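Numbers here simply count residues along the sequence, with the first being 1. In this text the structure is predicted, and so the values were computed from the model without any measurement.
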Amino acid sequence: MSFSMKNFINKAGLILILALSFTASAQTAEKRVALVIGVKDYQFVPQLQNTLNDAMDMSASLKAKGFQVVEVYNPKTKRQMQEAIIKYFQLLKGNAVGMVYYSGHGLQVDGMNYLVPLMADPKIKADLEDQCLNMDYVMSAIAEAGNALNIFVLDACRNNPFKGFTRSTEKGLTMVAAPRGSYIVYATKPGSVASDGNGRNGLFTSKLLKHMNASGLNIEQVFKKVAADVSVDSDNDQRPWIASDYTGDFFFTPGSGSNENIIPVANKKRTETIFTESFSDNAKKWFEEETDQYSFKLVNGKYEIRSKKGGSWFCTLPIEFDQDSDFEISASLTKRSGTDGFYFGLVLGFDVTTRYHHFMGITGWGDYVLDNKGPAYESIIPSKQNAVVQKGNATNFLLLRKSGDKFKFFVNGKLMGEAPSEQFFGSYYGFQIWSGTEELTIEVDNFSIKAIK
């Protein structure tokens, strides 16, 4: 039995009861870090259609797989790109698995590859080195880190945007000298041009997002499938190119066929999915409505919840499972706009009569908390700030695992704290945002509840 949003009113505002669900991506135990750069709104060259979507969606997917992500969107200058690379380099040290993803304008001049920031406007060829980022800078920094695997994904092989350089510039990008243990993937073969795409994502990135989420595929299998799909869908006009000297097996999403360790489940027991949803359609009939106070809607495979003027908004669905056994509950949450100062997160075991529930959430300031909102309110894992929580308008992957008599709280694959487990008050699960008197918009993706057996 489901409840409509008009059934409940409290001091904070309407409480909405609706369906939500999310698919948990496997998180790996080894350290994973990524640098994601997306540039779209160029000031002096043609703007691109979906590069920010590509970068943001890639970042969300990587976080859901346990990557700590350095995000740079619409960097204005070469220096901003370099600062991001330095930050990434510091995280990369210590033999982490590293991945660099770039989506934006790229070009080659005299055999050198350049990534183009937002405000680049070179008038002569010599300006390129001053205004654009030479890929050799990226490769040199990563070679210095000395880690075992570096993945480079360059969705940047678009037409040269600087018309004045036509005679000195070739199409697309050229091969680069990469550190040992590199896996380099171009959206199209060197010297060719890739399409910017017409949908939410470019052709190449849409296929990559699809196949990197398939369980049990190693890195080679993932990119071979991407290359095959892109080639077919472009009538062979766009052919991704792979260059690698990496000889191991890396899995974005471990499965039964992989040998990669995931965030340890007690005694390596298997998980069984109880409830999962990717928000690809509205088959489960999630609530959708817009008023002057709030908005609930499905947008591009995500569930958007918006508090327009402040208040507390709940969204839950009845889901029955054995709370005495071990389980895990997870979701990807993206803050799109609004206040950083208030919490949003997962509602756990909501009781529709008493309104008691547990809450696991974060803020745009980087806080995280696990609360018991029962007859005597208390924080099970007290509110703290941590660099693992991506601040501001960013995506974070939250996971709560009950293991024996312990609750373990993970953010972006990192254990944030643990405490004695408690029985939930009811059988409704979903989400809550609280924005005081301010506006807040979040998106929900990949919601799941799994039993650990």
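Using cut-offs of 30° and 60° for the angle between ring planes, the Phe296 and Tyr303 rings count as tilted.
One finds the CD1 atom of Ile442 at 5.5 Å from the CD1 atom of Ile433 (value rounded to the nearest 0.5 Å). Atom CG in Leu115 sits 11.5 Å away from atom NZ in Lys78 (nearest 0.5 Å). We find the CG-CD1 distance between Asn74 and Ile37 to be 11.5 Å, quoted to the nearest 0.5 Å. The distance from atom OG of Ser206 to atom CG of Asn53, rounded to the nearest 0.5 Å, is 12.0 Å. Within the model, atoms CZ of Phe314 and CD of Gln432 stand 3.5 Å from one another, a figure rounded to the nearest 0.5 Å. The line from CZ of Arg200 to CG of Leu52 is 10.0 Å long, rounded to the nearest 0.5 Å.
Looking only at side-chain heavy atoms (C-beta outward), Gln68 and Arg32 stay at 4.5 Å or farther from each other. The shortest distance between side-chain heavy atoms of Asp367 and Tyr343 falls below 4.5 Å. The side-chain heavy atoms of Leu440 and Phe344, taken from C-beta on, include a pair separated by under 4.5 Å. Two residues are said to be in side-chain contact when any heavy atoms from C-beta on lie closer than 4.5 Å; Ile362 and Leu398 meet this criterion.
The number of heavy atoms from other shown groups lying within 6.0 Å of NZ (Lys87) does not exceed 12. Other residues, nucleotides and ligands contribute over 12 non-hydrogen atoms within 6.0 Å of the CD atom of Glu83. No more than 12 heavy atoms of other residues, nucleotides or ligands shown are found within 6.0 angstrom of NZ on Lys224.
Checked by atom type, the side-chain pair Gln90/Tyr88 shows no donor-acceptor distance below 3.5 Å. A donor atom on one side chain and an acceptor atom on the other are found under 3.5 Å apart for Tyr101 and Thr205. For the 3.5 Å distance criterion, the side chains of Lys65 and Thr253 qualify, holding a donor opposite an acceptor. Side-chain contact, Tyr377 with Asp371: a donor N or O sits under 3.5 Å from an acceptor N or O. A donor-acceptor contact closer than 3.5 angstrom links the side chains of Glu439 and Thr441. Between Asn201 and Asp54, the side chains place a donor N or O and an acceptor N or O closer than 3.5 Å (distance only, hydrogens not considered). Between the side chains of Ser103 and Thr51, not a single donor N or O lies within less than 3.5 Å of an accepting N or O. Between Glu289 and Tyr294, the side chains place a donor N or O and an acceptor N or O closer than 3.5 Å (distance only, hydrogens not considered).
At a threshold of 4.0 Å, the pair Lys308-Glu290 counts as salt-bridged, since one of the basic side-chain nitrogens sits closer than that to a carboxylate oxygen. Ion pairing between Arg336 and Glu443 holds under the 4.0 Å rule for side-chain N and carboxylate O.
Only one option out of Tyr183, Tyr186, Trp241, Phe250 pairs with Phe223 in a ring-ring contact (aromatic ring centres under 6.0 Å, His included); it is Tyr183. Each of Ser435, Ser295, Ser307 was evaluated against Trp313; a single residue qualifies, Ser307, per the side chain to side chain donor-acceptor pair (under 3.5 Å) test.
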Please determine whether side-chain contact (heavy atoms from CB on, under 4.5 Å) holds for the pair Tyr102 and Leu35, giving the CA-CA distance in whole Å, both sets of side-chain angles, and the decisive distance to 0.1 Å.
CA-CA 8 Å; Tyr102 175 80; Leu35 170 63; over 6 Å; no
Run the numbers on Val36 and Val72 for side-chain contact (heavy atoms from CB on, under 4.5 Å), then give the verdict.
CA-CA 6 Å; Val36 173; Val72 188; over 6 Å; no
Check against ring-ring contact (aromatic ring centres under 6.0 Å, His included), Phe424 and His358:
CA-CA 7 Å; Phe424 294 146; His358 287 71; 5.1 Å; yes
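Under a 3.5 Å cut-off, the side chain of Ser61 and the backbone N or O of Asp57 do not form any donor-acceptor pair. For Tyr428 (side chain) and Cys315 (main-chain N/O), no donor-acceptor pair under 3.5 Å exists by modelled atom type.
Between Phe327 and Phe321, the ring centre distance stays below 6.0 Å.
Geometric assessment of Lys284 against the ring of Phe275 yields a positive cation-pi assignment under the 6.0 Å and 45° thresholds.
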